[in-house]
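Note that the structure is predicted; figures quoted are calculated from it, not measured.
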Amino acid sequence: MNRLTLTALAIVILAGIVLRTSHIRDEHRLTPNERAYLYDAGRLYDEGIGGTQALFTEYRHDPGLWAVAQPARIGYIFLLDAAMHVMRTKNLEAGMALSYLASVLTLLLVAWLGYRFFNAEVSLIAAALCATAFTEIWLVRGTPEDGVFGLFGLVELWLTFELMRTPRRYWLYAPFHLVGVWAILVKQSGVFIYGFCALWLLGWLLFREKSRKMAVVLAASFAGGLALVALAYIVLAGDAITAWRVYLLSFISNDEGWSYNKECCFGPWTQIPRALFLLSPLTFFLSIVGIGVVSFRKSATSLLTPLQRSCAGVSVLLAIGFVSMFAFFPGMEVLRFITPGQGAACLVAALGLWMLLSFARTRLEPSEFAALAVLVALGFAISMVRDYGVFTRIVTQARIPELGAAQIRMALGQ
């Protein structure tokens, strides 16, 4: 990495951290889930891990609690409890610290993945897109689980990259499965983080490594991971019936929960893509370019090694998978639900721009390409300022309490 790129990367990361730091204490109305997380984690803070049985039993028998998904998301509650112990408080401060840490680590990990598996330019572009990503800044406020959930998705993506790079580093399979298991315990849709990455890795082992034995072991281990999730619920709930009942009830909203969803989470399938475009046209456009060239353009992917093509492919799967699921699922048109695909989308978008610039480099004179690079850098700076302006307009002026696509569009007059 040359000095100029390193300096630019440091500036971008510092800017992203400053933006996150400046919004930790924004005025924020807690969602029903956030209030429940604080209550449940506070119980564990006082009672220890043995208090989980009481949480599961209370949830099972009180329909008034069915507006929220807890304690099925016990993995996040444990992390929030740990944050409370570190901060020595049961107040919102602990949740804010946890959300802030997750967002900063996401930014750093996006930059690291771009550098380790692609190149310094991809790292810089991806970090710049993540630095001003609307959801990443929004999620440092309060104690939503989605920032932590998105970080789990990015860590699982990292482990997938590493295993494709050296599939016979057998010790890496343990954290791969454990992160996948914990992602499900953080949020039920974590099964898709675990499943998408495991499915892609399975294909790599079968078709690239030509190792049926390793593929079979991976598939069996994945099944074992799902069994471990079930066992964790049973142990923490005290019995299988309570665990199963609570898990089913976590998908059912009472009148309060249904009213909340109707307010922010309904609309046509186009709402999430339209909201993403309104929040950052540059990221949206470059993501489409990246998806297109990675998926369909052989001449573009010739710039990448087989490993890089596969890393790009699983990133596309994670990004498109989460956007598609919640765009088409009724009552789920909320941007924070797609956070596991946020970091992956930044990487894909960065690849899209890098490949466009690589083609331009071969067709332009050095002076012409230098001028183009300056214009691109200027355009990025303008886009980052513009995206942050949109964030400020929505958060500090409209003060929407949720990241519903319909609410974002309304706040922007669309």
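- Nearest heavy-atom pair across F284 and P273 is CE1-O, 3.5 Å.
- Using modelled atom types, no side-chain atom of R60 and backbone atom of V246 make a donor-acceptor pair closer than 3.5 Å.
- Separating the CE atom in M87 from the CE atom in M96 is a distance of 8.5 Å, to the nearest 0.5 Å.
- At least one cation-pi condition fails for R73 and Y37: the charged atom is not both under 6.0 angstrom from the six-membered ring centre and inside a 45 degree cone around its axis.
- Side-chain contact between T242 and Y59: absent, with no pair of heavy atoms (C-beta onward) separated by less than 4.5 Å.
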Evaluate the criterion side chain to side chain contact (heavy atoms under 4.5 Å, CB included) for residue pair V334 and F326; output intermediate values, then yes/no.
CA-CA 7 Å; V334 182; F326 294 105; over 6 Å; no
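- Inter-residue side-chain proximity for I338 and L276 is flagged as met; some heavy-atom pair is nearer than 4.5 Å.
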Please assess S250 against Q188 for the test side chain to side chain donor-acceptor pair (under 3.5 Å), listing each intermediate value before the final yes or no.
CA-CA 9 Å; S250 70; Q188 299 93 316; 2.9 Å; yes
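- Looking only at side-chain heavy atoms (C-beta outward), P167 and W204 come within less than 4.5 Å of each other.
- Between L38 and L80, the shortest heavy-atom distance links the atoms N-CD2, 4.1 Å.
- Taking OG of S103 as the start and CH2 of W138 as the end, the distance is 12.5 Å to the nearest 0.5 Å.
- Between W244 and Y247, the two ring planes are parallel [angle under 30°; tilted spans 30° to 60°].
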Test side chain to side chain contact (heavy atoms under 4.5 Å, CB included) on R336 and F149 and set out the steps.
CA-CA 10 Å; R336 61 184 178 83; F149 187 53; over 6 Å; no
Would you sort out whether E34 and T31 count as a side chain to side chain donor-acceptor pair (under 3.5 Å), showing the intermediate values?
CA-CA 5 Å; E34 289 177 279; T31 65; 3.2 Å; yes
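- The two residues L19 and A131 have their closest heavy-atom pair at CD1-O, 3.9 Å.
- A side-chain donor-acceptor contact under 3.5 Å links T160 to the backbone of E156.
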Stepwise side chain to side chain donor-acceptor pair (under 3.5 Å) check, Y76 with T143
CA-CA 10 Å; Y76 179 72; T143 181; 2.6 Å; yes
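- Between A350 and A126, the shortest heavy-atom distance links the atoms CB-N, 3.5 Å.
- For the pair L154/W158, no side-chain contact is recorded, criterion being any heavy-atom separation below 4.5 Å from C-beta on.
- For the atom pair L44 CG and L55 CG, the distance stands at 5.5 Å (nearest 0.5 Å).
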Starting from the C-alpha separation in whole Å, work towards a yes-or-no answer on side chain to side chain donor-acceptor pair (under 3.5 Å) for D146 and T339.
CA-CA 6 Å; D146 302 277; T339 51; 4.7 Å; no
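- With hydrogens and angles disregarded, no donor-acceptor distance shorter than 3.5 Å links the side chain of N33 to the backbone of V68.
- Looking at N2, its side chain does come within 3.5 Å of a backbone N or O of L4 through a donor-acceptor pair.
- Annotation: side chain of F337 is not in contact with side chain of I272 (no heavy-atom distance under 4.5 Å).
- In this structure, H23 NE2 and T392 OG1 are separated by 5.0 Å, a value rounded to the nearest 0.5 Å.
- S123 places a side-chain N or O within 3.5 Å of a backbone atom of A111 that can act as its donor or acceptor partner.
- Under a cut-off of 6.0 angstrom, the local environment of CZ in R169 is crowded, with over 12 non-hydrogen atoms contributed by other residues, nucleotides or ligands.
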Test side chain to side chain contact (heavy atoms under 4.5 Å, CB included) on L79 and E145; report intermediate values, then the result.
CA-CA 10 Å; L79 293 175; E145 83 286 354; over 6 Å; no
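- Between L139 and S99, every side-chain heavy-atom pair lies at or beyond the 4.5 Å cut-off.
- Between Y194 and H177, the ring-plane angle classifies as perpendicular under the 30° and 60° cut-offs.
- Listed here is the closest heavy atom pair of I241 and D239: N-OD1, 3.1 Å.
- Interatomic distance, I125 CD1 to T283 OG1, rounded to the nearest 0.5 Å: 11.5 Å.
- A distance-only check finds no donor-acceptor pair linking the side chain of R43 to the backbone of G51 [under 3.5 Å].
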Going through the distances and angles, do V217 and L205 end up as a side chain to side chain contact (heavy atoms under 4.5 Å, CB included)?
CA-CA 10 Å; V217 171; L205 294 175; over 6 Å; no
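- Atom CH2 of W200 sits in a crowded spot, with more than 12 heavy atoms from other residues, nucleotides or ligands closer than 6.0 Å.
- Residues M355 and V294 are in side-chain contact: their nearest non-hydrogen atoms beyond the backbone lie under 4.5 Å apart.
- Here S22 contributes atom OG and I17 contributes atom CD1; the two are 12.0 Å apart, rounded to the nearest 0.5 Å.
- The minimum heavy-atom distance between A275 and L335, with the atom names listed, is CB-CD1, 4.0 Å.
- Remark: the backbone N or O of I49 is paired with a side-chain donor or acceptor of T52 at under 3.5 angstrom.
- Side-chain atoms of R20 come within 3.5 Å of backbone atoms of G16 as a donor-acceptor pair (strictly under, hydrogens ignored).
- Counting non-hydrogen atoms of other residues, nucleotides and ligands closer than 6.0 Å to OH of Y388 gives a total above 12.
- Under a cut-off of 6.0 angstrom, the local environment of CZ in R386 is crowded, with over 12 non-hydrogen atoms contributed by other residues, nucleotides or ligands.
- Using bins of under 30°, 30° to 60° and over 60° for the plane-to-plane angle, the ring pair F196/F322 lands in the perpendicular bin.
- Side chains of L226 and F222 form a contact here, defined as non-hydrogen atoms less than 4.5 Å apart.
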